[in-house]
Amino acid sequence: MIRVEKIRKEFGKNAVALDDINLQIEDSTFIALLGPSGCGKSTTLNCIAGLLEPTSGRIYFDDKDVTDLPPKDRNIGMVFQSYALYPHMKVIDNIAFSLKQRGMKKEERHQKAREIAKMLRIEQYLDRKPSELSGGQQQRVSMARALVKNPKILLLDEPMSNLDARLKIEIRDEIRRIQRKTKVTAILVTHDQEEAMSMADKIAILDKGKIQQFDEPQVLYNHPRNLFVAHFMGNPPMNFIDATVEEKNGKLYLSSPHFHVLIRENMRKFLKDSVNRKVVLGVRSHQVDVSFGAKESYIPVEVCMVENLGKEIMISGYVGESFVRITLPEKIDTESVAMQQLFKQQEGTIYIGLNSAYNVFDKESGLNLTYAV
Ligand SMILES: Nc1ncnc2c1ncn2[C@@H]1O[C@H](COP(=O)(O)OP(=O)(O)O)[C@@H](O)[C@H]1O
Ligand SMILES: [Mg+2]
């Protein structure tokens, strides 16, 4: 287990890169540190690696305090965005380099390099120089170099950023396969939420040097703790609609000049103390019921565009000032007359109903009021 306890990192007086970072990472799991550029992902990773010294806080591997240990004594492997291979060395010697430093005999270290190269499917390139390899192959070499020492922890800092889209997906699968096989504990830094979602067992979302939420991908997607996480997770992004919580005749509503939606019993407990509070309704594009006629408790959407994306139909429009996107399964809906008309005219009004899968955020603090701990 890796424990990061209350890590703070300052670069000079007024530059706080990390502010009270806490993480517990179980052995053999795959973790992603996700967030926008400059949020502190690499700084966190480099503190865990020992490349940076935290201003305060401690880091433990199992029960051992490693905060003051140099990187070479931490039993870690690292892979960076720039592959940083030695250009004058053959691939096999690049992979085996750290073993040479440890004093391992040539035959033995080459044997180990060949084994790991086989696992990464690069054994046919071992006699080449790095410049004679493609970007994807170079990335595999840098993975092999990190893994050859049989590290307990693998740290990956945006390792796929320099690869084209197709190769990215291939390497994603490859990294995950190898992590499962070697059971190494892996921490991936990325700004790409799709990459994090597809690879990680758990994701820590950072913003401004603070962890916003550390959870399984599905939990982040369905139950974001605040507006930042909600904005960051999912494509298309969650829809956000301004509203106020209102009470009338003992019933609660989400209200605005454009709609009046009854809050059902299952959500009532979260919102009963928020009467008159300005809130943001957050609902995903596919988690609404769509009607072509007005219905009680439905929200009218002024449609401005309808697109057929193949597997689904995307309807874009406005609720007041709020831009929303609704997706519908293609099969069901191209058949209906109302849908065909909407397609033809590219405008009109549809009505969306909320099922139970929605979130309500406090507009001011951004906190999810419907977040059940
Ligand atoms: N060596 C450094 N000196 C001064 N500021 C730094 C240094 N490294 C990082 N920072 C600052 O710390 C913050 C976090 O940086 P970083 O961890 O690299 O972000 P990320 O990897 O999430 O893009 C940024 O504001 C960055 O400018
Ligand atoms: Mg970085």
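We use all heavy atoms of the structure for the numbers below, so side chains are in, but hydrogens, waters and symmetry mates are not. Every number for a ligand or one of its atoms is a count from 1 in the order of the listing.
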Is it the case that ligand 1 has an N or O less than 3.5 angstrom from some N or O of Val189?
no
Stepwise salt bridge (charged side-chain N to carboxylate O under 4.0 Å, His left out) test for Arg58 and Asp68:
CA-CA 9 Å; Arg58 308 304 295 175; Asp68 301 318; 3.2 Å; yes
May I ask you to identify the nearest protein heavy atom to atom 18 (O) of ligand 1, giving residue, atom name and distance to one decimal place in Å?
Ser42 CB, 3.8 Å
For Phe30, is there any backbone N or O sitting under 3.5 Å from a side-chain donor or acceptor partner on Asp201?
yes
Angle between ring planes, Tyr221 versus His286, binned at 30° and 60°: parallel, tilted or perpendicular?
parallel
Residues Arg3 and Glu5 bridged, charged N to O under 4.0 Å:
yes
For residues 20-29, pull every pair meeting side chain to side chain donor-acceptor pair (under 3.5 Å), keeping only residues two or more places apart or in separate chains.
Asp20-Asn22
Considering non-hydrogen atoms of the protein only, which is the closest contact for atom 12 (O) of ligand 1, and what is the distance?
Ala17 CB, 3.3 Å
Give every protein N, O or S atom lying under 2.8 Å from the Mg ion (ligand 2), naming each by residue and atom.
Ser42 OG
Gly38 near ligand 1, heavy-atom distance under 4.0 Å?
yes
Quick check on atom 15 (O) of ligand 1 - does any protein heavy atom sit closer than 4.0 Å to it?
yes
Give the intermediate values and the outcome of salt bridge (charged side-chain N to carboxylate O under 4.0 Å, His left out) for residues Glu10 and Arg8.
CA-CA 7 Å; Glu10 297 170 9; Arg8 182 179 177 85; 2.7 Å; yes
Side chain to side chain donor-acceptor pair (under 3.5 Å) with Arg268: which residues, sequence neighbours excluded?
none
Using the salt bridge (charged side-chain N to carboxylate O under 4.0 Å, His left out) rule, take Arg325 and Glu307 through it: C-alpha gap first, then chi angles, then the decisive distance, then the call.
CA-CA 11 Å; Arg325 288 195 195 88; Glu307 298 160 276; over 6 Å; no
If we number the atoms of ligand 1 from 1 as shown, the ones under 4.0 Å from a heavy atom of Ser37 are 23 (O)
Is a salt bridge present between Glu115 and Lys118, judged by a nitrogen-to-oxygen distance below 4.0 Å?
no
For atom 1 (N) of ligand 1, the closest protein heavy atom turns out to be Phe11 CE2, 3.6 Å
Determine, counting only non-hydrogen atoms of the protein, whether one lies under 4.0 angstrom from atom 26 (C) of ligand 1.
no
Applying a strict under-4.5 Å side-chain criterion to I, L, V, M, F, W and Y, I'd like to know whether Leu155 and Phe80 cluster together.
yes
Number the atoms of ligand 1 from 1 as they appear, then name those within less than 4.0 Å of a heavy atom of Thr43, with their elements.
14 (C), 15 (O), 16 (P), 17 (O)
Donor-acceptor pairs under 3.5 angstrom involving side-chain atoms of residues 288-298: please list them, not counting sequence neighbours.
residue : atom : partner : partner atom : Å
Asp289  : OD2  : Tyr298  : OH           : 2.3
Ser291  : OG   : Gly293  : N            : 3.1
Ser291  : OG   : Gly293  : O            : 2.6
Ser297  : OG   : Leu262  : N            : 2.8

Hey, is ligand 1 close enough to Cys39 that some N/O pair sits below 3.5 Å?
yes
